Amino acid sequence: MAEDDSVRSLSCPACGGTIALRAAGYTVTLACEYCGTLIDATDPAVRIITRYNEMQASLAIPLGTRGTLRGIEWEAIGWMERSDGWATWEETLLFNPYEGYRWLIAQNGQWSLGTMLTAAPQRDGPDQIVGGRRFTPFYGGNTARVTRVAGEFYWRVKPGEEVRASDYVRPGFMLSLEQDDREQGWTISELLTGREIRAAFDVDPPPFWIPGMTPLAHQPSPYARRIKDWWPIAALSFVALLVLLALFGRTMQPQMFSLSVTPDGPTVSQTFGPIALPLGKQAMTVEALTPSVEQGWVDIDVSFVNRKTQDSYDAYALNEHYSGQDSDGYWSEGARSQTLKIASLPAGTYDMVVDVQAHHWGSSGNWAFDSSSRTYKAEGQPPIEVNLTVARGARFTSNFWLAVLMILVPPLLMLVLHIMFENARLAQKDGSPADADDWLRGMESP
Amino acid sequence: MNRSSFLYALWCLSVMGLYLTAASQGYSPFADGGRTASAARAYGPTHK
């Protein structure tokens, strides 16, 4: 295959190695890929600028590698490592004779594609606007220093070169201003997906963020998209559950029973029935109403006893009502009505056995000593009517709310992870700590 | 629909299936009574 016209070969004046000059006519500085010596490619005699023998980079994308990114074939021609004192990142210079230069910026295993802007962004307060997209300030006034370099560049780059850098971000994008005493340049970089960078240059996919890792300034929350995608599914499920609650919660065929009991009198036991449950397993609802209980309580034990198997299904209600006067005025507490829901009674014929005992509380009424129980009991209290309404079926709203909670658990977990991600990302930002507005801004689409 | 949304939809369907099964069996873990029942009882007003 014929060599591209833009590629020319040079001999390294330091080690004699043959170096390919891939962007001939554009490249100003070239680093020998064997010994790391920096060479002035514009000098016909190929003058050495500086030696950098310590450089032994094991590059993720070896120089000379070609890859197709977003439909354009690029060749990696230069590589440098930069640091601002606390973070280190690598920049690979890509070249295409028709498209010019791009940067591949790698940090923490994440890759971004950088494009130099030919015009300065529009300023709007502290923000910068490029193509209608707003970028908010993130870092300002950092000094980025070149620490290692290899390959070809379009300016005279050497280790130790410094620029002042300011970064502006929006989810998925970073706008960088780099300036020194002579010039300033703007670069907009877009975070690449693992699939894109792997398909183009066969590098390892970026690591998935987990708590404890430091995300990039412009890295969008990986959980925000899930939250946005999942909410419609959660809302649809909620509506479906409402429909199921309405369909499966009805009670039917109510039967009413009543008995009366004397306060502090003996326990009244009574059996009602038969109560037929024809199908499978069913719930039962028992409403126990004691309209006349006052300054006392009524214990109501309800048992559904299967006539065939003698299995018993029990429930208990405590109806009580108290009232009085104190310095704050009238007070009352307790409930004269209770609704019992009994779960999963097998099909069959049942008797409802009810044991009821009523008690009086307080000092009103006539009191007499009962020798059998050796306690004082009130006398002359009117009997208390106990009305029981038994119906097949029950609406368990607790099941509904439990199901809603189970449906919400995954999105809520994603929300917590999203907040943790945004807090970790924004902890690097200049200015105030992250708040709810920042968490919401992190939900914006790239 | 991406894979995570599909899995979440599957989770929601499973929850609804469980709900439907419990509803058709008249079951609730929070029922007032059932095959075995026990209740702690306390009497009297709590008004101070």
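In the text below, chain A, chain B and the rest are named by the order of the sequence lines, each starting its count at 1. Please read these numbers as outputs of a predicted model, since none were measured by experiment. Just the heavy atoms: all of them, side chains too, but no hydrogens, waters or symmetry mates, feed the values below.
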**Student:** Which region of A/Thr339, side chain (C-beta onward) or backbone (N, CA, C, O), has a non-hydrogen atom less than 4.5 Å from a non-hydrogen atom of chain B, or is it both or neither?
**Tutor:** backbone
**Student:** Just wondering, do A/Leu245 and B/Tyr19 contact through their side chains at under 4.5 Å, heavy atoms?
**Tutor:** yes
**Student:** Given that the side chain runs from C-beta out, which part of A/Arg395 has a heavy atom under 4.5 Å from chain B: side chain, backbone, both or neither?
**Tutor:** neither
**Student:** Is A/Ala394 in contact with chain B via its backbone, its side chain, both, or neither, using a 4.5 Å heavy-atom distance?
**Tutor:** neither
**Student:** Return the set of residues passing side chain to side chain donor-acceptor pair (under 3.5 Å) with A/Gln270 (not counting sequence neighbours), or none when no residue passes.
**Tutor:** none
**Student:** Select, from A/Lys281, A/Arg225, A/Met284, the one with the greatest count of heavy-atom pairs under 4.5 Å involving chain B.
**Tutor:** A/Lys281
**Student:** Is any side-chain heavy atom of A/Lys341 less than 4.5 Å from a side-chain heavy atom of B/Ser28?
**Tutor:** no
**Student:** Closest approach of A/Leu244 and B/Met16, non-hydrogen atoms and distance?
**Tutor:** CD1-O, 4.3 Å
**Student:** Return the set of residues passing ring pair (Phe, Tyr, Trp, His ring centres under 6.0 Å) with A/Phe400 (not counting sequence neighbours), or none when no residue passes.
**Tutor:** A/Phe238
**Student:** Decide yes or no for B/Asn2 and A/Arg226: does some side-chain heavy atom of the first lie under 4.5 Å from some side-chain heavy atom of the second?
**Tutor:** no
**Student:** Can you confirm whether A/Arg250 is buried at CZ, in the sense that more than 12 heavy atoms of other residues, nucleotides or ligands lie under 6.0 Å from that atom?
**Tutor:** no
**Student:** Roughly how far apart are A/Leu279 CG and B/Ser24 OG, rounded to 0.5 Å?
**Tutor:** 11.5 Å
**Student:** Heavy-atom count check: over 12 atoms from other residues, nucleotides or ligands less than 6.0 Å from A/Arg336 CZ?
**Tutor:** yes
**Student:** Should A/Ile233 and B/Ser5 count as side-chain neighbours, where that means a heavy-atom distance under 4.5 Å?
**Tutor:** yes
**Student:** Whether the side chain of A/Trp230 engages the backbone of B/Ala9 through a donor-acceptor N/O pair (distance < 3.5 Å, no angle test) should be reported.
**Tutor:** no
**Student:** If you look at every heavy atom in B/Gly26 and A/Ala283, which pair is closest and at what distance?
**Tutor:** O-CB, 3.6 Å
**Student:** Does any part of the side chain of A/Asn399, heavy atoms only, come nearer than 4.5 Å to the side chain of B/Pro29, both counted from C-beta?
**Tutor:** yes
**Student:** Between A/Ala234 and chain B, with a heavy-atom cut-off of 4.5 Å, which part of the residue counts as in contact: side chain, backbone, both or neither?
**Tutor:** both
**Student:** Would you mind reporting whether A/Pro411 and B/Tyr8 have side-chain heavy atoms less than 4.5 Å apart?
**Tutor:** yes
**Student:** Measure B/Tyr27 against the heavy atoms of chain A and call it side chain, backbone, both or neither at under 4.5 Å.
**Tutor:** both
**Student:** For A/Ile407 versus B/Trp11, what's the shortest heavy-atom pair and its separation?
**Tutor:** CA-NE1, 4.1 Å
**Student:** Do side-chain atoms of A/Ser344 reach the backbone of B/Gln25 as a donor and acceptor pair under 3.5 angstrom?
**Tutor:** yes
